S.K.: 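Quick one: this structure, given as structure tokens, is what I'll be asking you about.
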Number of protein chains: 2
Amino acid sequence: MPYVMVHIPKPPSAASPVPRSVPTSADVARLAGVSRATVSYVLNNTSAVRISEPTRRRVHEAAKELGYVPHAAARSLRAGHSRMVLMPAPAIAMGPLYGQFINELQWALSRLDYTVVQYGTVGLRGDEAARAWAELRPVAVLVPDAELGPEGVAVLKRAGARGVVTFGPERVEGAHALLMDHDAVGHCAGRHLYARGRRRIGVVVPAETGLETYSRPRLEGVRQALRGTDARVTGVPLAYTEQSAAELAARWPELGIDAVFAYNDEYAMLLMRALQDAGVRIPEDTAVLGADDLMLGRLLRPRLSTIHIDLPSGRELAELVDRVVRDPGAEPETHRVLGASVVQRESS
Amino acid sequence: MPYVMVHIPKPPSAASPVPRSVPTSADVARLAGVSRATVSYVLNNTSAVRISEPTRRRVHEAAKELGYVPHAAARSLRAGHSRMVLMPAPAIAMGPLYGQFINELQWALSRLDYTVVQYGTVGLRGDEAARAWAELRPVAVLVPDAELGPEGVAVLKRAGARGVVTFGPERVEGAHALLMDHDAVGHCAGRHLYARGRRRIGVVVPAETGLETYSRPRLEGVRQALRGTDARVTGVPLAYTEQSAAELAARWPELGIDAVFAYNDEYAMLLMRALQDAGVRIPEDTAVLGADDLMLGRLLRPRLSTIHIDLPSGRELAELVDRVVRDPGAEPETHRVLGASVVQRESS
DNA sequence: TTGAAAGCGTTACCAC
DNA sequence: GTGGTAACGCTTTCAA
């Protein structure tokens with residue numbers, strides 16, 4: 001992005017305030033004429049101790065006047081634990097499905113009084129990343145299985161994490177697992193295309209790195225669904241560019257494929273357009289099937305068939321995390337959470 | 001999402017390890033037979049002090065054996081500051097453009113040795129949110145201007161934030177600003193449609209809440225571009241559903257609109273399809289213009305014209321943050337960072 | 001009802 | 001070169 005920042009002179013404004021140092025509870029105590037303990041009692045509404053109303057007011061006023069804000073690090077240091085649930089910020093934008101999932105989850109965890117923090121880990125691999133997360137002493141960690149090994153789980157637990165929950169296609173030793181076996185997506189796709197009479201089935205494998213975790217099991221799922229039948233399955237690499245799609249479409253006749261499961265709706269839209277431009281009729285010559293059930297697929301002509309993916313609700317997941325935190329000794333559980341179903345429209 | 005988690009019994013695994021307490025540097029010192037200070041020197045590679053090689057080795061081995069991980073809260077408490085840059089996790093999934101922007105930014109800030117944390121603030125409004133952020137004592141905060149008022153800026157600064165940078169269409173008193181005036185996007189769109197000979201111009205305003213911050217200035221920009229001309233500008237509400245689009249398309253003739261700027265490419269695709277289904281010819285009867293320059297727009301027929309939006313690179317932004325942190329006394333600066341240019345294809 | 005003091009895990013200063 | 005010690009900001013027990 002070659003865009004250059006243009007500096008605009010700041011309009012005259014109020015004089016910058018004197019850079020006071022950060023007010024502490026001691027400052028509040030001093031201003032209110034009470035002890036630090038009293039300040040703590042008042043601001044935390046400690047029920048075990050009864051503070052007179054005038055004192056409460058004085059403390060609150062002092063806190064407000066100073067703009068006092070408690071220091072989270074000091075607090076959790078003293079308490080010996082935090083309510084922080086850590087999850088890695090996704091390295092690649094993973095589409096609206098994942099985004100909504102995250103939002104729901106954050107909301108549900110907030111309701112349970114947890115604080116969700118997405119930690120950007122760039123360049124750190126495996127155990128390095130686990131160590132960086134452990135430094136924050138989160139009470140729970142929610143992480144794609146691809147980013148954490150068994151040693152990573154151990155590091156986090158030793159650092160006091162009461163819950164480690166992974167999600168993705170595989171289990172990780174020692175952690176609770178939300179098993180999203182994308183095999184099921186592929187399996188569903190394979191069965192559908194076979195049922196529609198297709199026998200030479202292509203499966204798009206994105207060329208972009210970072211997606212193998214999902215694309216490989218999806219391909220495997222198709223293979224598995226068609227094992228023992230007369231159908232043939234072919235992996236088809238495709239980058240998310242018009243050029244790549246055009247090149248693939250040009251080779252289409254020689255591939256001899258009569259149906260393609262295109263990883264997701266976006267790749268499906270890209271490929272479908274390229275095939276149409278190359279004169280391939282859809283679905284007569286080749287059926288096209290996407291995944292994710294995006295709204296946009298419905299707008300194409302022919303309308304895009306897709307695999308609808310059911311993710312667990314944020315509320316369920318939050319409750320799982322909470323349960324794990326409350327009973328850290330429990331055996332790691334494995335939950336199968338990914339539902340897949342065909343939405344047949346016109347492209348298959 | 002009605003999907004129900006299926007519990008799968010855990011396979012037999014290694015006995016769960018004894019729940020030791022979290023190892024501290026004191027434990028490492030004890031095991032290595034040195035003092036806590038020495039441990040600190042060794043693990044932090046303090047250059048001011050020279051430690052014998054055998055001692056170093058003993059410390060490293062002890063740390064490894066115990067699985068010692070330093071406690072970030074304790075460290076920053078002692079240090080009096082952190083390297084944490086805080087940004088709110090977006091409440092609504094904001095498309096691939098924003099996602100890539102965030103990723104680039106995280107990467108660039110990591111290069112400068114900052115730690116990026118996305119803090120999920122659900123339900124907290126304005127100053128409440130600012131206070132929650134302030135508790136973490138971040139060294140810098142990067143936040144959409146819509147989520148922070150001047151008082152919020154003051155709270156954060158009093159809590160020790162050396163840099164507060166807002167981005168979005170408006171400035172916030174006391175903070176550095178990345179002025180993304182979406183007026184420019186609308187302006188660009190208005191000029192283009194006018195130049196194409198259109199005179200009765202509709203501007204889609206998403207019905208979804210949370211987007212007003214962007215949709216309002218875009219509409220204003222179109223108005224502004226066409227002020228004093230013979231063109232007429234009409235705001236057109238549209239929800240992101242097929243039904244809403246169909247209803248709008250049915251009313252299209254009575255609206256008497258010959259060109260529409262559709263907020264972004266996704267709304268444009270939705271509307272364009274509905275118009276086509278209703279028999280409106282594009283671009284002959286009505287021109288359609290999107291924004292964001294998504295790949296998918298190129299796949300439509302007619303190909304979707306769009307406004308390409310140039311965001312600042314993550315590197316530039318990271319450098320701005322770094323500069324602000326290093327010189328917190330500087331006057332707040334305002335940078336104009338949003339470039340808009342027409343990409344004309346076939347729909348306009 | 002309030003105050004004094006200990007301690008959470010680290011690091012930096014100053015003696016040894 | 002290495003080890004004690006104080007201090008960061010907060011909560012909580014105990015004593016007054």
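Here the structure is a predicted model, which means the values were calculated and not measured. Residue numbers start from 1 in every chain, and the chains themselves are labelled A, B, ... in the order their sequence lines are given, proteins ahead of strands.
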S.K.: In plain terms, say whether Arg326(A) and Asp322(A) are close enough for a salt bridge, that is, a side-chain N and a carboxylate O under 4.0 Å apart.
M.R.: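 Salt bridge flag = yes for Asp322(A) with Arg326(A).
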S.K.: Round to the nearest Å and state the distance from Leu77(B) atom CG to dC8(D) atom C1'.
M.R.: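 Value for this atom pair: 4 Å.
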S.K.: Whole angstrom is fine here: how far is it from CD in Glu135(B) over to C1' in dC10(D)?
M.R.: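 Rounding to the nearest Å, CD of Glu135(B) and C1' of dC10(D) are 12 Å apart.
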S.K.: Angle between the end axes of the helix from dT1(C)-dA16(D) to dC16(C)-dG1(D), five pairs per end, to the nearest 10 degrees?
M.R.: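 Its terminal axes enclose an angle near 50°.
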S.K.: With a 6.0 Å cut-off (strictly less than), is the heavy-atom count around CZ of Arg315(A), excluding the residue itself, greater than 12?
M.R.: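 Not more than 12 within 6.0 Å, no.
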S.K.: When you measure from the side chain of Tyr41(A), which nucleotide among dT1(C), dT12(D), dT10(C) comes out closest?
M.R.: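 Selected nucleotide: dT12(D).
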S.K.: For Ala37(B) and for Ala74(B), find the nucleotide of DNA chain C with the closest heavy atom, then tell me which residue's nucleotide is more 5'.
M.R.: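 In this pair, the answer is Ala74(B).
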S.K.: Out of dG9(C), dT11(D), dT2(C), which has the shortest distance to the side chain of Thr38(A)?
M.R.: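 Side chain of Thr38(A) sits closest to dT2(C).
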S.K.: Using whole Å, report how far CZ of Arg57(A) lies from P of dT1(C).
M.R.: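 Taking atom P of dT1(C) as the reference, CZ of Arg57(A) is at 15 Å.
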S.K.: With a 4.0 Å cutoff (strictly under), does any side-chain N or O of Thr46(B) reach OP1 or OP2 of dT11(C)?
M.R.: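 No, outside the criterion.
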S.K.: Can you tell me if Arg78(B) touches the phosphate of dA7(D), counting only side-chain N or O atoms and a distance under 4.0 Å to OP1 or OP2?
M.R.: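 False: Arg78(B) side-chain N/O out of range (4.0 Å or more) of dA7(D) OP1/OP2.
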S.K.: Could you tell me whether Arg323(A) and Glu319(A) have a side-chain N and a carboxylate O separated by less than 4.0 Å?
M.R.: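 No, Arg323(A) and Glu319(A) are not salt-bridged.
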S.K.: Of the listed nucleotides (dC10(D), dG3(C), dC8(C)), which one gets closest to any side-chain atom of Val34(A)?
M.R.: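 My answer, after comparing the listed nucleotides, is dG3(C).
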S.K.: Among Thr334(B), Leu320(B), Thr166(B), which one satisfies side chain to side chain contact (heavy atoms under 4.5 Å, CB included) with Leu178(B)?
M.R.: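 Testing each of Thr334(B), Leu320(B), Thr166(B) against Leu178(B), the sole residue satisfying side chain to side chain contact (heavy atoms under 4.5 Å, CB included) is Leu320(B).
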S.K.: With a cut-off of less than 4.0 Å, is there a side-chain N or O of Arg36(B) near OP1 or OP2 of dG3(D)?
M.R.: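 So the side-chain polar atoms of Arg36(B) never come under 4.0 Å of the phosphate oxygens OP1 or OP2 of dG3(D).
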S.K.: Looking at Ser52(B), I'd like to know whether one of its side-chain N or O atoms comes within less than 4.0 Å of OP1 or OP2 on dT2(D).
M.R.: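 So the side chain of Ser52(B) is within the cut-off, an N or O lying under 4.0 Å from OP1 or OP2 of dT2(D).
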S.K.: Taking only side-chain nitrogens and oxygens of Ser35(A), does any of them come within less than 4.0 Å of OP1 or OP2 of dA4(C)?
M.R.: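 Ser35(A) to dA4(C) OP1/OP2: no side-chain N or O under 4.0 Å.
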S.K.: Quick test of your reading: applying side chain to side chain donor-acceptor pair (under 3.5 Å), list the pairs with at least one residue in residues 130-148 of chain B, sequence neighbours left out, ordered by first then second residue.
M.R.: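 Those involving residues 130-148 of chain B are Thr121(B)-Trp133(B).
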S.K.: Between His81(A) (NE2) and dC8(C) (C1'), how many Å, whole number?
M.R.: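 In whole Å, dC8(C) C1' lies 12 Å from His81(A) NE2.
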S.K.: Between Ser40(B) and dT11(C), does any side-chain N or O lie under 4.0 Å from OP1 or OP2?
M.R.: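 So the side-chain polar atoms of Ser40(B) do come within 4.0 Å of the phosphate oxygens OP1 or OP2 of dT11(C), strictly under.
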S.K.: Check step by step if side-chain contact (heavy atoms from CB on, under 4.5 Å) holds for Val69(B) and Leu156(A).
M.R.: CA-CA 9 Å; Val69(B) 174; Leu156(A) 288 168; over 6 Å; no
S.K.: To the nearest Å, how far apart are Asn44(A) CG and dT2(C) P?
M.R.: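 Spelled out: CG on Asn44(A) to P on dT2(C) is 16 Å.
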S.K.: In this structure, how many angstroms lie between the C1' atom of dG9(C) and the CZ atom of Arg30(B), rounded?
M.R.: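 After rounding, the gap between these two atoms is 13 Å.
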S.K.: Whether Tyr68(A) contacts dC10(D) is assessed here as follows: a side-chain N or O lying under 4.0 Å from the phosphate OP1 or OP2. Is that the case?
M.R.: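 Tyr68(A) to dC10(D) OP1/OP2: side-chain N or O found under 4.0 Å.
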S.K.: For Leu43(A) and dT12(D), give me the distance from atom CG to atom C1', rounded to whole Å.
M.R.: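 Interatomic distance, CG of Leu43(A) to C1' of dT12(D): 15 Å.
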S.K.: State, to 0.1 Å, how close Ala161(B) and Val164(B) come at their nearest heavy-atom pair, and which atoms those are.
M.R.: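 Scanning both residues, the minimum pair turns out to be CB-CG2, 4.3 Å.
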S.K.: Please give, in whole Å, the distance from dT12(D) P to Ile51(A) CD1?
M.R.: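 Taking CD1 of Ile51(A) and P of dT12(D), I get 13 Å after rounding.
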S.K.: Check every strand shown and say whether Ser76(A) touches a base, only sugar-phosphate, or nothing at a heavy-atom separation below 4.0 Å.
M.R.: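 Result for Ser76(A) = nothing.
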S.K.: Could you tell me whether a side-chain N or O of His71(B) sits under 3.5 Å from a main-chain N or O of Ala73(B), the two making a donor and an acceptor?
M.R.: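 Yes; judged by distance alone, with no hydrogens or angles, the pair exists.
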